[in-house]
Amino acid sequence: MDSYEGAWSRILQRAGLAALAWLTVGQFTAVEAQPPTADMLLIHARVYTVNAKQPWAEAVAIGGGKIVAVGDEKDIARYRGAKTQVLDAGGRLVLPGFTDCHIHFLDGSLSLQRVHLDDAKDIPEIQRRVKAYAEAHPDQPWVRGRGWTYPAVGPTNLPDKKYLDEIIPDRPVYLESYDGHTWWANSKALQLAGITRDTPNPAGGEIVRDPRTGEPTGAIKEDAADALMGHAIPAPSRKEKLRAFRAGLKEANRVGLVRVHSAGGVSAAIGDLQNADLLEELRRSGELSVRMYLAYRAEPPTITDAQFKVIEDARRQYHDEWISAGAVKFFMDGVVESHTAAMFTPYSDDAKLKGSLLWDPDTYKRLVADLDKRGVQIFTHAIGDRAVRLTLDAYENAAKANGTRDHRHRIEHIETITKEDIPRFGELGVIASFQPLHAYPNEDALEVWARNAGPERTQRAWAWHSVESSGGVLAFGSDWPIVTLNPWEGVQNAVTRQTTEGNPPGGFVPKERISLENAIRGYTLGAAIGGRREKTEGSLEPGKVADLIILSQDLFKIEPTEIGKTQVLLTMVGGKAVYESPEWKAVANSSTREAK
Ligand SMILES: [Zn+2]
């Protein structure tokens with residue numbers, strides 16, 4: 001196996017050569033010739049390029065949607081022609097546009113149109129919001145929402161239908177918890193789904209019941225039980241999905257995202273790959289403003305020939321810099337909170353439980369080798385240390401069996417890991433796809449996690465620093481709509497591992513905090529490497545796409561606890577501004593006037 005440095009220098013060399021080729025073929029004939037005029041110059045900027053060879057610059061020249069040159073004001077002024085547009089950054093921090101490496105985009109986009117309960121503190125507040133939303137959306141047959149937390153729904157930490165019946169007795173209401181593991185139905189929703197005291201619990205799920213009467217309380221636990229509701233809820237129409245996508249794209253650009261890696265739909269109806277035709281429609285109408293990498297979600301027990309054909313067809317159809325397919329997502333296990341993540345040793349709070357694998361390990365290994373041979377990139381959800389081990393083993397086996405190198409297979413989440421497996425990311429070239437906000441140390445969520453995992457495993461919880469310092473590439477994302485898609489809160493948590501109130505003091509497993517530079521890299525160059533796009537994306541250097549953002553504050557000059565408050569002033573994708581904040585528009589207009 002190549003060393004991490006070896007892999008890195010290969011990657012950087014290739015990126016550099018690609019850029020050089022672009023310049024020589026397209027632009028220069030002689031060394032002293034006048035450089036081409038650019039379409040746009042970005043000047044008076046503090047540019048952090050994420051290019052190790054030239055980390056800082058003052059200005060960027062852009063042409064044909066790509067970066068032509070990066071340098072100081074004087075260098076870049078040479079690219080100015082009569083028609084060149086000049087954008088004055090006013091000394092602000094400029095970064096490469098951010099990528100979210102783990103997102104459920106349509107699912108999140110649909111949730112934007114539903115009632116938000118994220119920071120609702122108690123039942124009266126939830127009731128107020130749900131009622132106001134229902135009244136404002138009389139055309140929606142079901143009142144849907146998400147984000148409620150367990151402490152907010154009362155002393156039992158489980159919701160009760162009576163609170164929803166009090167405000168809406170005649171229309172179904174169905175609300176998902178912030179972590180996506182529990183749902184809250186009113187009586188009308190239970191009735192439409194045909195769920196009664198006689199409905200048995202499905203395997204892996206629970207219809208919570210009143211211990212005295214046996215009646216469903218309205219609390220629905222885990223996907224398997226949620227699926228019983230599924231058939232009663234009308235699937236979103238094409239029009240609704242398009243409307244959702246438009247809102248999602250705007251929201252992504254607003255927070256500085258220029259690309260997302262879709263980790264497969266929560267269900268097929270709202271899978272991003274299954275709805276790629278809608279993204280294609282938006283591209284044709286000029287509305288697609290976020291680059292999309294779409295994964296196919298494989299379900300146990302196997303991948304059939306027909307499914308392989310779907311994967312191959314998608315890859316053939318979508319393979320350019322705006323929409324591409326060619327990844328397959330597996331779920332190896334569940335999550336720590338519900339004791340479903342697969343561990344080597346029992347959970348600390350229950351010696352009977354070790355979690356279990358969702359795939360037969362031999363079948364998984366065979367499928368991984370098959371996909372690897374086809375050049376398909378693999379994303380595997382693995383949270384328990386045993387699931388992480390088996391996934392690494394399968395990737396290692398595939399590389400050996402096929403003689404393949406640098407396929408960049410990924411592990412998603414990696415919440416626990418054994419000491420021995422930490423260096424294997426670097427050794428095998430496996431990408432560590434982490435979502436920094438999953439380790440946000442708020443009391444209710446992380447206490448359950450730490451209690452279940454126990455102190456020994458918690459020492460290596462979300463081991464960002466250990467994986468990175470032993471040679472692994474970090475690729476960061478959100479898992480939206482499980483948590484916000486706003487990456488600035490993620491950057492803050494990667495650096496602090498503390499709540500915005502500063503808890504716990506010193507940070508949660510503080511040795512796993514990473515530097516600001518490395519956190520930014522996780523959302524830019526690391527993300528591009530994790531999506532096999534580092535030749536054209538991920539840093540601001542000649543030949544790469546002109547995807548960049550201008551920020552409200554200089555992350556390098558503020559307290560780390562302030563990073564989450566960052567506002568994006570401008571987001572540019574392919575040399576075109578796709579988002580400008582109101583403040584920015586005001587300033588930009590006045591400076592254009594001055595220039596004239
Ligand atoms: Zn996910």
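One-based numbering, in listed order, for ligands and for the atoms of each. Starting from 1, each residue takes its place in the sequence as its number.
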### Rounded to 10 degrees, the angle OD1 of D479 makes with NE2 of H102 at the Zn ion (ligand 1)
90°

### Query
N/O/S atom of H381 under 2.8 Å from the Zn ion (ligand 1), yes or no?
no

### Heavy-atom donor-acceptor pair, Y364 side chain to F330 backbone, under 3.5 Å
no

#### Entry: the Zn ion (ligand 1) reached by H104 (N, O or S, under 2.8 Å)
yes

#### Entry: the Zn ion (ligand 1) to nearest N/O/S of E412 below 2.8 Å
no

### Query
For G264, does its backbone N or O pair with a side-chain atom of H104 as donor and acceptor, under 3.5 Å?
yes

### Task
Indicate yes or no for a side-chain donor-acceptor contact from N493 to the backbone of P436 under 3.5 Å, with no hydrogens or angles considered.
yes

### Residue pair E240, R238: steps toward the salt bridge (charged side-chain N to carboxylate O under 4.0 Å, His left out) verdict
CA-CA 5 Å; E240 265 177 276; R238 184 183 166 79; over 6 Å; no

